[in-house]
S.K.: 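The following block contains the structure, expressed as structure tokens.
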2 protein chains.
Amino acid sequence: MRRTKAEAKETRQQILLAAEKVFYEKGVAHASMEDVARAAGVTRGAIYWHFANRADLVLELYNSLPMPQEDLIARELEAENADVFAVLERVGREWLELLATDEHRQRILSILLRCDTSGEFSAISERQNDLDDEHMQALEAAFAKAEKQGKLCACWTPRSAASMLRWVIKGLCSEWLLFGRRFDIASEGRDALRRLFATYSSHAPSAR
Amino acid sequence: MRRTKAEAKETRQQILLAAEKVFYEKGVAHASMEDVARAAGVTRGAIYWHFANRADLVLELYNSLPMPQEDLIARELEAENADVFAVLERVGREWLELLATDEHRQRILSILLRCDTSGEFSAISERQNDLDDEHMQALEAAFAKAEKQGKLCACWTPRSAASMLRWVIKGLCSEWLLFGRRFDIASEGRDALRRLFATYSSHAPSAR
DNA sequence: CAACATACAAACAACGCTGTATGTTAGTTT
DNA sequence: AAACTAACATACAGCGTTGTTTGTATGTTG
């Protein structure tokens with residue numbers, strides 16, 4: 001039954017696809033490796049050959065998602081007179097559009113959102129947390145730049161603006177993913193971002 | 001070993017307390033009933049006497065949380081010239097303050113946020129979803145009222161305003177709970193709500 | 001003060017699942 | 001072509017957990 005390298009890669013890919021499907025439908029906790037194997041048309045032996053255990057399988061599922069190029073965005077923001085708000089709004093919109101069109105991403109993120117992060121999968125959630133921290137710092141720096149450029153409404157601080165943006169996007173995504181995707185996340189997200197960034201730059205009377 | 005009714009109630013309470021502690025520390029999926037029993041100072045027999053199974057135990061944990069009186073809020077909003085924004089902002093603030101001071105609520109909501117909702121606990125998450133739906137409708141109606149009163153900035157629709165409010169609060173809470181409560185949710189939430197409601201009422205130029 | 005129900009503890013049976021060890025076949029290398 | 005190894009399938013041992021059942025002592029009720 002020895003396969004060629006290319007065939008093995010394909011087997012691995014099949015397992016990942018099956019895991020995505022099974023974990024999404026039954027939940028990571030209640031799906032057995034046998035379930036995944038059956039869905040992939042292999043035995044558990046194949047899975048344990050390609051992956052150390054279930055946590056590793058989930059991790060590789062997560063790793064299979066191409067991540068947006070953040071250094072590229074950072075470079076865009078570096079320019080002296082960069083229009084920070086325009087860049088951030090576009091990046092947010094693009095992220096939502098990516099999510100809206102990539103069904104794999106939808107399922108995998110759903111799996112991660114629903115899975116119990118306290119036990120064996122703590123490594124994954126920690127990594128997400130680290131990423132979140134980096135994003136937060138980058139966002140705050142970007143808004144600080146906008147503030148220096150005099151473009152940030154006085155009622156916002158870089159930190160509060162960054163927090164709000166994060167909360168909205170996170171709330172939007174988790175709501176959409178966990179709740180049956182009952183609305184058009186691309187268009188609703190676009191509107192929300194537009195309104196949010198409008199308030200960042202508006203010279204409205206400061207709150208209260 | 002037969003206990004009096006009052007003692008039995010107390011045993012039940014002890015079990016709930018222990019479940020809260022153990023599930024919070026180890027996660028619902030990876031904590032055994034034995035773990036909970038040990039922490040409560042009883043055997044699994046006692047747990048299965050008071051609760052049908054683990055899902056029921058979690059459900060009762062959820063039910064043990066006193067829910068804010070929503071009909072009371074609704075009545076406040078009914079008044080012809082009610083200041084919708086003031087009421088909503090206050091309600092949101094009070095909810096965050098309640099969460100900030102009630103450690104049981106923090107732990108139980110954390111448990112629910114982290115637990116896998118796809119399997120045995122689907123009943124709980126469905127109930128939460130139903131509640132969310134009701135909230136959403138109530139919020140939208142409230143913002144519609146504000147719109148009729150001419151208080152809602154033209155760049156917002158009742159629906160978009162309600163959605164945004166929900167996303168912010170949800171993002172805020174889940175971020176705080178899942179991420180080690182690393183900031184002052186009461187004060188940051190208060191600020192965020194203030195800014196958000198300021199943008200609802202501001203007569204800023206419409207977005208773009 | 002029986003008789004019954006309640007509130008558990010303790011023992012049990014059974015299963016599902018995991019990880020690993022071993023077997024087997026077919027590529028790959030020399 | 002022999003030797004080796006990659007890519008699995010199969011078989012196995014074993015554990016942890018669950019739900020249930022049985023036992024039992026003590027309140028509770030008529």
S.K.: Measure NE2/B/H50 against C1'/C/dA9 and give the value in whole Å, please.
M.R.: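 That distance rounds to 13 Å.
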S.K.: Against the six-membered ring of B/Y24, is B/R114 placed for a cation-pi contact (under 6.0 Å from the centre, within 45° of the normal)?
M.R.: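 Output yes; distance and angle both within limits.
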S.K.: Any side-chain heavy atom of B/K26 within less than 4.5 Å of one from B/D35?
M.R.: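 Yes, at least one pair of side-chain atoms sits under 4.5 Å.
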S.K.: Give one of base, sugar-phosphate or nothing for A/S32, where a contact means two heavy atoms less than 4.0 Å apart.
M.R.: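 Sugar-phosphate contact only - A/S32 comes under 4.0 Å of backbone atoms but never of a base.
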S.K.: Does A/R3 get its side chain close enough to the base of C/dG27, under 3.5 Å, for a donor-acceptor pair?
M.R.: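 No.
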S.K.: Do any side-chain nitrogens or oxygens of B/T11 fall under 4.0 Å of OP1 or OP2 in C/dC8?
M.R.: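 For C/dC8, OP1/OP2 do have a side-chain N/O of B/T11 under 4.0 Å.
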S.K.: Rounded to whole Å, please give me the gap between CD1 in B/I47 and P in C/dC8.
M.R.: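 Atom-to-atom, B/I47 to C/dC8, this comes out as 11 Å.
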S.K.: Any side-chain to backbone donor/acceptor pair from A/T101 onto A/E97? Under 3.5 Å, distance only.
M.R.: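 Answer holds: yes.
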S.K.: Do you know the tightest heavy-atom contact between A/C115 and B/D116?
M.R.: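 So the two residues come closest at CA-OD2, 4.5 Å.
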S.K.: Rounding to an integer number of Å, can you tell me how far A/K9 NZ sits from D/dA7 C1'?
M.R.: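 To the nearest whole Å, that distance equals 13 Å.
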S.K.: Could you state the OH-C1' distance from B/Y48 to D/dT17, rounded to the nearest angstrom?
M.R.: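 Distance, rounded to whole Å: 8 Å.
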S.K.: Can a salt bridge be assigned to the pair B/E188 and A/R159 using a cut-off of 4.0 Å between side-chain N and carboxylate O?
M.R.: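 Between A/R159 and B/E188 there is a salt bridge, with a charged N closer than 4.0 Å to a carboxylate O.
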S.K.: The side chain of B/W49 lies closest to which of these nucleotides: D/dA6, D/dA9, C/dC8?
M.R.: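 Of the options given, the side chain of B/W49 lies nearest C/dC8.
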S.K.: Pick the nucleotide of DNA chain C nearest each of A/A31 and A/G45; which residue has the one closer to the 5' end?
M.R.: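 Taking each residue's closest nucleotide, the earlier one in sequence belongs to A/A31.
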S.K.: Taking only the side-chain heavy atoms of B/T4 (C-beta and beyond), determine which of C/dC8, D/dT28, D/dA9 contains the nearest atom.
M.R.: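 Nearest to the side chain of B/T4 among the choices is D/dT28.
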S.K.: Starting at CZ of A/R44 and ending at P of D/dC12, how long is that distance when rounded to a whole Å?
M.R.: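 Atom CZ in A/R44 sits about 14 Å away from atom P in D/dC12.
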S.K.: Could you give the NZ-to-P distance, from A/K5 to D/dA7, as a whole number of Å?
M.R.: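 Rounded to the whole Å, the gap is 7 Å.
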S.K.: Expressed in angstrom and rounded to an integer, what is the separation of B/E7 atom CD from C/dT6 atom C1'?
M.R.: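 Atom CD in B/E7 sits about 12 Å away from atom C1' in C/dT6.
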S.K.: How close or far is atom P of D/dT17 from atom CG of B/N53, stated in whole angstroms?
M.R.: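 Rounded to the whole Å, the gap is 17 Å.
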S.K.: Just compare D/dA9, C/dA7, C/dA9 and give me whichever is closest to any side-chain atom of B/A8.
M.R.: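 From the listed options, C/dA7 comes nearest.
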